[in-house]
Student: 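Pasting a structure below so you can have a look.
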Amino acid sequence: MKALHLTAPSPADQRPLALGDTPVPIPGEREVLVRVHACGVCRTDLHIIEGDLVLPRLPLIPGHQIVGTVDAVGREVTLLAKGERVGIPWLFSTCGSCEQCRADRENLCDNGMFTGYHTDGGYAEYVVVGESFAYRLPEGFSDAAVAPLLCAGVIGYRALRLSGIRPGERLGMYGFGASAHITIQIARHWQCEVYVFTRGKQHKSLAEEFGAVWTGSADQLPPRPLHSAIVFSPSGEAVPAALKAIGKGGTVALAGIHMTPIPSMEYTTIYHEKTLRSVANSTRQDVREMLDAAAEIPVRTEVETFPLEAANDALITLKHSTLRGSAVLSIANW
(Lines give C-alpha, C1' and ligand atoms only; values in the text may rest on other atoms or scores of the structure.)
Protein backbone atom coordinates (compact mmCIF):
# COMPACT_ATOMS: atom_id res chain seq x y z
CA MET A 1 0.00 0.00 0.00
CA LYS A 2 1.00 3.66 -0.37
CA ALA A 3 1.87 5.49 2.83
CA LEU A 4 3.70 8.56 4.05
CA HIS A 5 6.57 7.84 6.44
CA LEU A 6 8.34 10.07 8.93
CA THR A 7 11.91 8.84 9.43
CA ALA A 8 13.25 11.84 11.34
CA PRO A 9 11.46 14.90 12.71
CA SER A 10 12.17 18.22 11.00
CA PRO A 11 10.36 21.48 10.18
CA ALA A 12 7.32 21.06 7.95
CA ASP A 13 8.80 23.48 5.42
CA GLN A 14 11.53 20.89 4.78
CA ARG A 15 8.86 18.39 3.66
CA PRO A 16 9.87 15.54 5.99
CA LEU A 17 7.19 13.03 4.94
CA ALA A 18 8.22 10.57 2.21
CA LEU A 19 5.75 8.61 0.10
CA GLY A 20 6.55 4.92 -0.28
CA ASP A 21 5.21 1.38 -0.37
CA THR A 22 4.68 -0.69 2.75
CA PRO A 23 2.84 -3.95 3.44
CA VAL A 24 -0.88 -3.83 4.19
CA PRO A 25 -1.25 -4.45 7.96
CA ILE A 26 -2.93 -7.63 9.15
CA PRO A 27 -5.67 -7.26 11.80
CA GLY A 28 -5.39 -9.18 15.05
CA GLU A 29 -8.20 -11.28 16.50
CA ARG A 30 -10.10 -8.29 17.91
CA GLU A 31 -9.00 -5.77 15.29
CA VAL A 32 -10.39 -4.53 11.99
CA LEU A 33 -8.55 -3.54 8.83
CA VAL A 34 -9.85 -0.19 7.54
CA ARG A 35 -9.45 1.02 3.99
CA VAL A 36 -8.77 4.74 4.42
CA HIS A 37 -10.88 7.23 2.47
CA ALA A 38 -9.81 10.45 4.19
CA CYS A 39 -7.58 11.58 7.04
CA GLY A 40 -7.68 14.98 8.70
CA VAL A 41 -4.43 16.86 9.23
CA CYS A 42 -4.19 17.89 12.88
CA ARG A 43 -1.91 20.33 14.67
CA THR A 44 -0.82 17.36 16.79
CA ASP A 45 0.51 15.80 13.56
CA LEU A 46 2.54 18.95 13.06
CA HIS A 47 3.96 18.71 16.60
CA ILE A 48 4.87 15.05 15.98
CA ILE A 49 6.47 15.69 12.61
CA GLU A 50 8.47 18.69 13.82
CA GLY A 51 9.67 16.88 16.96
CA ASP A 52 7.85 19.01 19.55
CA LEU A 53 6.70 15.73 21.13
CA VAL A 54 9.04 12.93 22.17
CA LEU A 55 8.48 10.19 19.61
CA PRO A 56 8.12 6.64 20.92
CA ARG A 57 9.08 5.10 17.56
CA LEU A 58 10.45 5.81 14.09
CA PRO A 59 9.75 5.39 11.26
CA LEU A 60 6.12 6.32 11.71
CA ILE A 61 3.00 6.84 9.59
CA PRO A 62 1.15 9.83 11.14
CA GLY A 63 -2.56 10.62 11.10
CA HIS A 64 -5.40 10.15 13.58
CA GLN A 65 -8.56 11.67 12.10
CA ILE A 66 -9.26 8.66 9.92
CA VAL A 67 -12.39 7.88 7.91
CA GLY A 68 -12.76 4.65 5.96
CA THR A 69 -14.60 1.38 5.55
CA VAL A 70 -13.98 -1.92 7.28
CA ASP A 71 -12.18 -4.12 4.76
CA ALA A 72 -11.48 -7.19 6.92
CA VAL A 73 -12.18 -8.30 10.49
CA GLY A 74 -10.31 -10.44 12.99
CA ARG A 75 -11.68 -13.80 14.10
CA GLU A 76 -13.16 -12.54 17.37
CA VAL A 77 -14.63 -9.24 16.14
CA THR A 78 -18.33 -8.85 16.96
CA LEU A 79 -18.92 -5.08 17.05
CA LEU A 80 -18.25 -4.19 13.40
CA ALA A 81 -18.82 -5.79 10.02
CA LYS A 82 -17.08 -5.58 6.68
CA GLY A 83 -18.25 -2.61 4.62
CA GLU A 84 -19.24 -0.35 7.53
CA ARG A 85 -17.97 3.24 7.49
CA VAL A 86 -16.01 4.06 10.62
CA GLY A 87 -13.86 6.75 12.15
CA ILE A 88 -10.60 6.27 14.04
CA PRO A 89 -9.47 9.07 16.41
CA TRP A 90 -6.39 9.77 18.55
CA LEU A 91 -7.05 7.23 21.34
CA PHE A 92 -5.92 3.87 19.93
CA SER A 93 -6.05 1.67 23.02
CA THR A 94 -6.13 1.62 26.82
CA CYS A 95 -5.18 -1.03 29.34
CA GLY A 96 -8.47 -0.95 31.25
CA SER A 97 -6.78 -1.90 34.52
CA CYS A 98 -4.60 1.01 35.70
CA GLU A 99 -5.70 3.50 38.35
CA GLN A 100 -6.81 6.02 35.71
CA CYS A 101 -8.88 3.52 33.73
CA ARG A 102 -10.54 2.22 36.91
CA ALA A 103 -11.51 5.82 37.76
CA ASP A 104 -13.20 6.39 34.36
CA ARG A 105 -10.26 8.52 33.17
CA GLU A 106 -9.16 6.37 30.24
CA ASN A 107 -7.88 9.49 28.46
CA LEU A 108 -5.13 9.48 31.10
CA CYS A 109 -4.43 5.73 30.93
CA ASP A 110 -0.92 4.95 32.18
CA ASN A 111 -0.48 2.53 29.29
CA GLY A 112 -2.54 4.32 26.65
CA MET A 113 -1.51 4.25 23.02
CA PHE A 114 -2.34 6.85 20.39
CA THR A 115 -3.01 6.55 16.67
CA GLY A 116 -0.29 7.91 14.41
CA TYR A 117 2.05 8.24 17.40
CA HIS A 118 2.55 4.85 19.05
CA THR A 119 1.03 3.07 16.05
CA ASP A 120 0.92 3.72 12.31
CA GLY A 121 -1.89 6.08 11.40
CA GLY A 122 -4.03 7.26 8.52
CA TYR A 123 -1.60 8.91 6.12
CA ALA A 124 -1.87 5.62 4.26
CA GLU A 125 -4.25 3.45 2.26
CA TYR A 126 -4.97 1.04 5.14
CA VAL A 127 -4.82 1.01 8.93
CA VAL A 128 -5.71 -1.45 11.70
CA VAL A 129 -7.47 -0.67 14.97
CA GLY A 130 -9.18 -2.49 17.83
CA GLU A 131 -12.90 -2.91 17.21
CA SER A 132 -13.87 -0.95 20.33
CA PHE A 133 -11.77 2.05 19.28
CA ALA A 134 -13.48 2.58 15.91
CA TYR A 135 -16.79 4.41 15.63
CA ARG A 136 -19.72 4.25 13.24
CA LEU A 137 -20.12 7.68 11.65
CA PRO A 138 -23.33 9.67 11.28
CA GLU A 139 -24.99 9.96 7.89
CA GLY A 140 -25.11 13.32 6.18
CA PHE A 141 -21.37 14.01 6.32
CA SER A 142 -18.98 13.34 3.47
CA ASP A 143 -15.74 11.53 4.31
CA ALA A 144 -13.79 14.80 4.15
CA ALA A 145 -16.37 16.72 6.19
CA VAL A 146 -16.56 14.19 9.03
CA ALA A 147 -12.78 13.67 9.41
CA PRO A 148 -12.09 16.86 11.46
CA LEU A 149 -14.75 15.86 13.99
CA LEU A 150 -12.59 12.94 15.12
CA CYS A 151 -9.97 15.05 16.87
CA ALA A 152 -10.48 18.77 16.27
CA GLY A 153 -14.14 18.29 17.14
CA VAL A 154 -13.64 15.84 19.98
CA ILE A 155 -10.90 17.76 21.79
CA GLY A 156 -12.88 20.98 21.35
CA TYR A 157 -15.95 19.31 22.80
CA ARG A 158 -13.97 18.03 25.81
CA ALA A 159 -12.36 21.45 26.31
CA LEU A 160 -15.79 23.05 26.17
CA ARG A 161 -17.05 20.73 28.92
CA LEU A 162 -13.97 21.18 31.09
CA SER A 163 -14.14 24.96 30.75
CA GLY A 164 -17.30 24.80 32.86
CA ILE A 165 -19.24 27.02 30.47
CA ARG A 166 -23.01 26.96 30.94
CA PRO A 167 -25.78 27.86 28.49
CA GLY A 168 -26.14 31.60 28.04
CA GLU A 169 -22.70 32.46 29.44
CA ARG A 170 -19.78 34.27 27.76
CA LEU A 171 -17.03 32.10 26.30
CA GLY A 172 -13.66 33.21 24.91
CA MET A 173 -11.70 31.33 22.25
CA TYR A 174 -8.01 32.05 21.72
CA GLY A 175 -7.05 30.93 18.21
CA PHE A 176 -9.56 30.03 15.55
CA GLY A 177 -8.48 27.06 13.48
CA ALA A 178 -9.74 23.54 12.88
CA SER A 179 -10.92 22.85 16.43
CA ALA A 180 -12.37 26.25 17.28
CA HIS A 181 -14.51 26.50 14.14
CA ILE A 182 -16.29 23.31 15.21
CA THR A 183 -16.45 24.13 18.92
CA ILE A 184 -18.05 27.52 18.34
CA GLN A 185 -21.01 25.80 16.69
CA ILE A 186 -21.62 23.67 19.79
CA ALA A 187 -21.23 26.68 22.07
CA ARG A 188 -23.70 28.67 19.97
CA HIS A 189 -26.08 25.69 20.07
CA TRP A 190 -25.84 26.01 23.87
CA GLN A 191 -26.83 29.70 23.47
CA CYS A 192 -23.42 30.94 24.64
CA GLU A 193 -22.00 34.31 23.61
CA VAL A 194 -18.64 33.63 21.95
CA TYR A 195 -15.71 36.07 21.86
CA VAL A 196 -12.85 35.10 19.52
CA PHE A 197 -9.24 36.26 19.86
CA THR A 198 -7.22 35.75 16.68
CA ARG A 199 -4.85 37.74 14.48
CA GLY A 200 -5.86 36.65 10.98
CA LYS A 201 -8.53 38.59 9.08
CA GLN A 202 -9.66 35.34 7.44
CA HIS A 203 -10.09 33.67 10.84
CA LYS A 204 -11.95 36.67 12.25
CA SER A 205 -14.28 36.61 9.27
CA LEU A 206 -14.97 32.89 9.72
CA ALA A 207 -15.59 33.37 13.45
CA GLU A 208 -18.13 36.10 12.74
CA GLU A 209 -19.75 33.88 10.11
CA PHE A 210 -20.22 31.19 12.78
CA GLY A 211 -21.79 33.62 15.23
CA ALA A 212 -19.02 35.24 17.30
CA VAL A 213 -20.38 38.40 18.92
CA TRP A 214 -16.91 40.00 19.06
CA THR A 215 -13.51 39.37 17.50
CA GLY A 216 -10.16 40.86 18.41
CA SER A 217 -6.55 40.01 19.15
CA ALA A 218 -5.16 38.22 22.20
CA ASP A 219 -3.72 41.43 23.66
CA GLN A 220 -7.18 42.99 23.83
CA LEU A 221 -9.73 42.64 26.61
CA PRO A 222 -13.30 41.74 25.64
CA PRO A 223 -16.01 44.35 26.27
CA ARG A 224 -17.32 42.27 29.21
CA PRO A 225 -15.55 39.73 31.48
CA LEU A 226 -15.84 36.14 30.27
CA HIS A 227 -17.16 33.22 32.30
CA SER A 228 -14.78 30.73 30.63
CA ALA A 229 -12.16 30.60 27.91
CA ILE A 230 -10.48 27.95 25.78
CA VAL A 231 -6.95 28.43 24.46
CA PHE A 232 -6.59 26.61 21.15
CA SER A 233 -3.45 28.51 20.16
CA PRO A 234 -0.10 26.82 20.92
CA SER A 235 1.25 30.14 22.17
CA GLY A 236 1.84 30.29 25.92
CA GLU A 237 1.50 34.08 25.69
CA ALA A 238 -2.26 33.59 25.35
CA VAL A 239 -2.59 32.04 28.82
CA PRO A 240 -2.18 35.14 31.02
CA ALA A 241 -4.24 37.08 28.47
CA ALA A 242 -7.09 34.60 28.84
CA LEU A 243 -6.85 34.66 32.64
CA LYS A 244 -7.14 38.45 32.58
CA ALA A 245 -10.18 38.22 30.30
CA ILE A 246 -12.22 35.91 32.56
CA GLY A 247 -14.11 37.11 35.58
CA LYS A 248 -14.11 35.87 39.17
CA GLY A 249 -14.42 32.10 39.49
CA GLY A 250 -13.86 31.58 35.76
CA THR A 251 -11.94 28.76 34.08
CA VAL A 252 -9.35 28.74 31.29
CA ALA A 253 -8.97 25.38 29.52
CA LEU A 254 -5.86 24.69 27.42
CA ALA A 255 -6.86 22.51 24.48
CA GLY A 256 -3.45 21.86 22.90
CA ILE A 257 -1.11 18.93 23.36
CA HIS A 258 1.93 21.24 23.10
CA MET A 259 2.45 24.88 24.00
CA THR A 260 5.32 27.35 24.07
CA PRO A 261 6.42 28.42 27.58
CA ILE A 262 3.82 30.27 29.62
CA PRO A 263 5.31 33.57 30.79
CA SER A 264 5.47 34.41 34.48
CA MET A 265 2.57 36.48 35.75
CA GLU A 266 1.43 38.35 38.82
CA TYR A 267 -0.62 36.34 41.29
CA THR A 268 -3.44 38.82 40.83
CA THR A 269 -3.87 37.45 37.29
CA ILE A 270 -5.23 34.16 38.65
CA TYR A 271 -6.61 35.42 41.96
CA HIS A 272 -10.36 35.42 42.73
CA GLU A 273 -10.55 31.63 42.44
CA LYS A 274 -9.85 31.46 38.74
CA THR A 275 -8.96 28.01 37.41
CA LEU A 276 -6.32 27.10 34.82
CA ARG A 277 -6.48 23.52 33.53
CA SER A 278 -5.13 21.43 30.67
CA VAL A 279 -7.17 19.13 28.45
CA ALA A 280 -5.46 15.81 27.74
CA ASN A 281 -6.64 13.46 25.01
CA SER A 282 -10.26 12.24 25.10
CA THR A 283 -12.35 9.25 26.10
CA ARG A 284 -14.43 6.98 23.93
CA GLN A 285 -17.53 8.55 25.47
CA ASP A 286 -16.31 11.99 24.36
CA VAL A 287 -16.17 10.70 20.78
CA ARG A 288 -19.67 9.23 20.92
CA GLU A 289 -21.16 12.39 22.44
CA MET A 290 -19.38 14.63 19.95
CA LEU A 291 -20.58 12.65 16.94
CA ASP A 292 -24.14 12.68 18.27
CA ALA A 293 -24.00 16.44 18.85
CA ALA A 294 -22.51 17.07 15.41
CA ALA A 295 -25.36 15.17 13.76
CA GLU A 296 -28.03 16.88 15.86
CA ILE A 297 -26.91 20.49 15.35
CA PRO A 298 -25.74 19.75 12.56
CA VAL A 299 -22.12 20.93 12.63
CA ARG A 300 -20.62 22.30 9.43
CA THR A 301 -16.93 21.76 8.85
CA GLU A 302 -14.83 23.98 6.59
CA VAL A 303 -12.31 21.74 4.83
CA GLU A 304 -9.61 22.04 2.21
CA THR A 305 -8.69 18.70 0.66
CA PHE A 306 -5.27 17.56 -0.47
CA PRO A 307 -4.23 14.32 -2.18
CA LEU A 308 -2.22 11.93 -0.01
CA GLU A 309 1.02 12.79 -1.78
CA ALA A 310 0.52 16.49 -0.92
CA ALA A 311 0.51 15.96 2.86
CA ASN A 312 3.63 18.09 3.25
CA ASP A 313 1.80 20.97 1.55
CA ALA A 314 -1.14 20.54 3.91
CA LEU A 315 1.18 20.66 6.95
CA ILE A 316 2.85 23.82 5.66
CA THR A 317 -0.49 25.59 5.25
CA LEU A 318 -1.47 24.48 8.75
CA LYS A 319 1.80 25.70 10.24
CA HIS A 320 1.46 29.14 8.66
CA SER A 321 -2.27 29.47 9.48
CA THR A 322 -3.38 29.97 5.89
CA LEU A 323 -6.18 27.43 6.09
CA ARG A 324 -9.85 28.34 6.36
CA GLY A 325 -10.88 25.55 8.72
CA SER A 326 -9.29 22.10 8.40
CA ALA A 327 -6.98 20.29 5.99
CA VAL A 328 -8.01 16.77 4.97
CA LEU A 329 -6.07 14.22 2.94
CA SER A 330 -8.09 12.37 0.33
CA ILE A 331 -6.92 8.82 -0.29
CA ALA A 332 -8.39 7.78 -3.65
CA ASN A 333 -8.03 4.00 -3.49
CA TRP A 334 -11.60 2.66 -3.42
Student: Decide salt bridge (charged side-chain N to carboxylate O under 4.0 Å, His left out) for Arg85 and Glu139; before the verdict, give the C-alpha distance in whole Å, the side-chain angles of both, and the deciding distance to 0.1 Å.
Tutor: CA-CA 10 Å; Arg85 188 173 77 145; Glu139 301 295 331; 5.3 Å; no

Student: State, yes or no, whether a side-chain contact exists between Pro89 and Ile66 at a heavy-atom distance under 4.5 Å.
Tutor: no

Student: So, does Lys274 use its side chain to make a donor-acceptor pair with the main chain of Leu243 at under 3.5 Å?
Tutor: yes

Student: If you measure from the Lys or Arg side-chain nitrogens to the Asp or Glu carboxylate oxygens, is any gap between Lys2 and Glu125 under 4.0 Å?
Tutor: no

Student: What are the two closest non-hydrogen atoms of Ser282 and Leu91, and how far apart are they?
Tutor: O-CD2, 3.5 Å

Student: So do Val86 and Thr69 actually touch side chain to side chain, heavy atoms under 4.5 Å?
Tutor: no

Student: Taking Thr269 for the side chain and Met265 for the main chain, is one N or O donor matched with an acceptor at less than 3.5 Å?
Tutor: no

Student: Tell me if the CZ atom of Arg75 is crowded by more than 12 foreign heavy atoms within 6.0 Å.
Tutor: no

Student: Decide if the gap between the ring center of Tyr174 and the ring center of Phe197 is smaller than 6.0 angstrom.
Tutor: yes

Student: Are Ile331 and Leu329 close enough, and set up right, to give a side chain to side chain contact (heavy atoms under 4.5 Å, CB included), and what steps lead you there?
Tutor: CA-CA 6 Å; Ile331 294 90; Leu329 302 181; 4.2 Å; yes

Student: Which heavy atom of Leu58 sits nearest to which heavy atom of Thr7, and what is that distance?
Tutor: CD1-O, 3.6 Å

Student: Assigning hydrophobic clusters by single linkage (Ile, Leu, Val, Met, Phe, Trp, Tyr; side-chain heavy-atom cutoff under 4.5 Å), is Phe232 placed with Trp214?
Tutor: no

Student: Would you say the side chains of Ser205 and Glu208 form a donor-acceptor pair under 3.5 Å?
Tutor: no

Student: Step by step, work out the salt bridge (charged side-chain N to carboxylate O under 4.0 Å, His left out) result for Lys319 and Asp13.
Tutor: CA-CA 9 Å; Lys319 180 177 181 177; Asp13 299 279; 3.3 Å; yes

Student: Can you find a pair of side-chain heavy atoms, one from Arg57 and one from Leu60, that are under 4.5 Å apart?
Tutor: yes

Student: Are any non-hydrogen side-chain atoms of Pro27 and Val128 less than 4.5 angstrom apart?
Tutor: yes

Student: Do Leu46 and Ile316 share a hydrophobic cluster, counting only Ile, Leu, Val, Met, Phe, Trp and Tyr and linking them when any side-chain heavy atoms are less than 4.5 Å apart?
Tutor: no

Student: Could you grab the distance from atom CD1 of Ile165 to atom CG of Leu226, nearest 0.5 Å is fine?
Tutor: 8.0 Å

Student: When you check the gap from the basic side-chain N to the acidic O, do Arg43 and Glu50 get nearer than 4.0 Å?
Tutor: no

Student: Judged by atom type as modelled, is there a donor-acceptor pair below 3.5 Å linking the side chain of His203 to the main-chain atoms of Leu323?
Tutor: yes

Student: Tell me if a side-chain donor or acceptor on Arg188 pairs with a main-chain N or O of Cys192 at a distance below 3.5 Å.
Tutor: yes

Student: Mark yes or no for whether Asp286, through its side chain, and Thr283, through its backbone, hold a donor-acceptor pair below 3.5 Å.
Tutor: yes

Student: Would you call Arg166-Glu169 a salt bridge at under 4.0 Å N-O?
Tutor: yes

Student: When you measure from the side chain of Thr260 to the backbone N and O of Gly236, does any donor-acceptor pair fall under 3.5 Å?
Tutor: yes

Student: Keeping the roles fixed (side chain from Glu131, backbone from Leu79), state whether a donor-acceptor pair exists under 3.5 Å.
Tutor: yes

Student: Quick check against the 3.5 Å criterion: does Thr301 have a side-chain atom that pairs as donor or acceptor with the backbone of Val303?
Tutor: no

Student: Does some side-chain heavy atom of Val239 sit less than 4.5 Å from a side-chain heavy atom of Met259?
Tutor: yes

Student: Is it the case that one hydrophobic cluster holds both Leu206 and Val196, taking links as side-chain heavy atoms less than 4.5 Å apart, direct or via other members?
Tutor: yes

Student: Going only through I, L, V, M, F, W and Y residues with side-chain contacts under 4.5 Å, is there a path from Val129 to Tyr135?
Tutor: no

Student: Using the side chain to side chain contact (heavy atoms under 4.5 Å, CB included) rule, take His5 and Leu17 through it: C-alpha gap first, then chi angles, then the decisive distance, then the call.
Tutor: CA-CA 5 Å; His5 293 89; Leu17 296 180; over 6 Å; no

Student: To the nearest 0.5 Å, how far apart are CG in Asn281 and CZ in Arg105?
Tutor: 13.5 Å

Student: With hydrophobic residues grouped by side-chain heavy-atom distances under 4.5 Å, do Ile49 and Leu4 end up in a single group?
Tutor: yes

Student: Would you mind reporting whether Asp313 and Arg15 have side-chain heavy atoms less than 4.5 Å apart?
Tutor: yes

Student: Got a sec: does the CG of Asp21 have more than 12 other heavy atoms crowding it under 6.0 Å?
Tutor: yes

Student: Crowded around Arg161 CZ? As in, over 12 foreign heavy atoms under 6.0 Å?
Tutor: yes

Student: Strictly below 4.0 Å, N to O, side chains only: are Glu193 and Arg170 in salt-bridge contact?
Tutor: no

Student: State whether the side chain of Gln65 and the backbone N or O of Cys151 hold a donor-acceptor pair below 3.5 Å, judged by distance alone.
Tutor: yes

Student: Could you state the interatomic distance from OG1 (Thr44) to CD1 (Ile155), rounded to the nearest 0.5 Å?
Tutor: 8.0 Å

Student: Would you give the length of the straight line joining atom CG of Asp219 to atom NZ of Lys244, rounded to the nearest 0.5 angstrom?
Tutor: 10.5 Å

Student: Which heavy atom of Met173 sits nearest to which heavy atom of Ala180, and what is that distance?
Tutor: SD-O, 4.0 Å

Student: Minimum heavy-atom separation for Val67 and Leu137, please, with both atom names.
Tutor: CG1-CD1, 3.7 Å

Student: Applying salt bridge (charged side-chain N to carboxylate O under 4.0 Å, His left out), run through Lys82 and Glu84 and close with a yes or a no.
Tutor: CA-CA 6 Å; Lys82 187 174 179 179; Glu84 290 192 278; over 6 Å; no

Student: Once the angle between the rings of His181 and Phe210 is folded into 0 to 90°, is it parallel (under 30°), tilted (30 to 60°) or perpendicular (over 60°)?
Tutor: tilted

Student: Please identify which of these residues, Phe114, Phe92, Trp90, meets the ring pair (Phe, Tyr, Trp, His ring centres under 6.0 Å) condition with His64.
Tutor: Trp90

Student: More than 12 non-hydrogen atoms from neighbouring residues, nucleotides or ligands closer than 6.0 Å to CD1 on Ile26, yes or no?
Tutor: no

Student: Test Leu171 against Tyr195 for side chain to side chain contact (heavy atoms under 4.5 Å, CB included), laying out the working first.
Tutor: CA-CA 6 Å; Leu171 173 72; Tyr195 298 72; over 6 Å; no

Student: Checking the side chain of Glu31 only, and the main-chain atoms of Gly28 only, is there a donor and an acceptor separated by less than 3.5 Å?
Tutor: yes

Student: Taking the side chain as everything from C-beta on, heavy atoms only, tell me whether Ile182 gets closer than 4.5 Å to Tyr157.
Tutor: no

Student: Working to the nearest 0.5 angstrom, can you tell me the gap between Glu106 CD and Gln285 CD?
Tutor: 9.0 Å

Student: Taking C-beta and beyond as the side chain, do Arg284 and Ser132 meet within less than 4.5 Å on heavy atoms?
Tutor: yes

Student: Which atoms form the tightest heavy-atom contact between Val279 and Ala255, and what is the distance?
Tutor: CB-CA, 4.2 Å

Student: Ignoring hydrogens, what is the shortest heavy-atom contact between Gly63 and Asp45? Give both atom names and the distance.
Tutor: N-OD1, 3.8 Å

Student: Would Asp120 and Val127 count as a side chain to side chain contact (heavy atoms under 4.5 Å, CB included) if you check the C-alpha gap in whole Å, the side-chain angles of each, and the deciding distance to 0.1 Å?
Tutor: CA-CA 7 Å; Asp120 284 333; Val127 66; 5.7 Å; no

Student: If you measure from CZ on Arg158 to CG on Leu162, what distance do you get to the nearest 0.5 Å?
Tutor: 5.0 Å

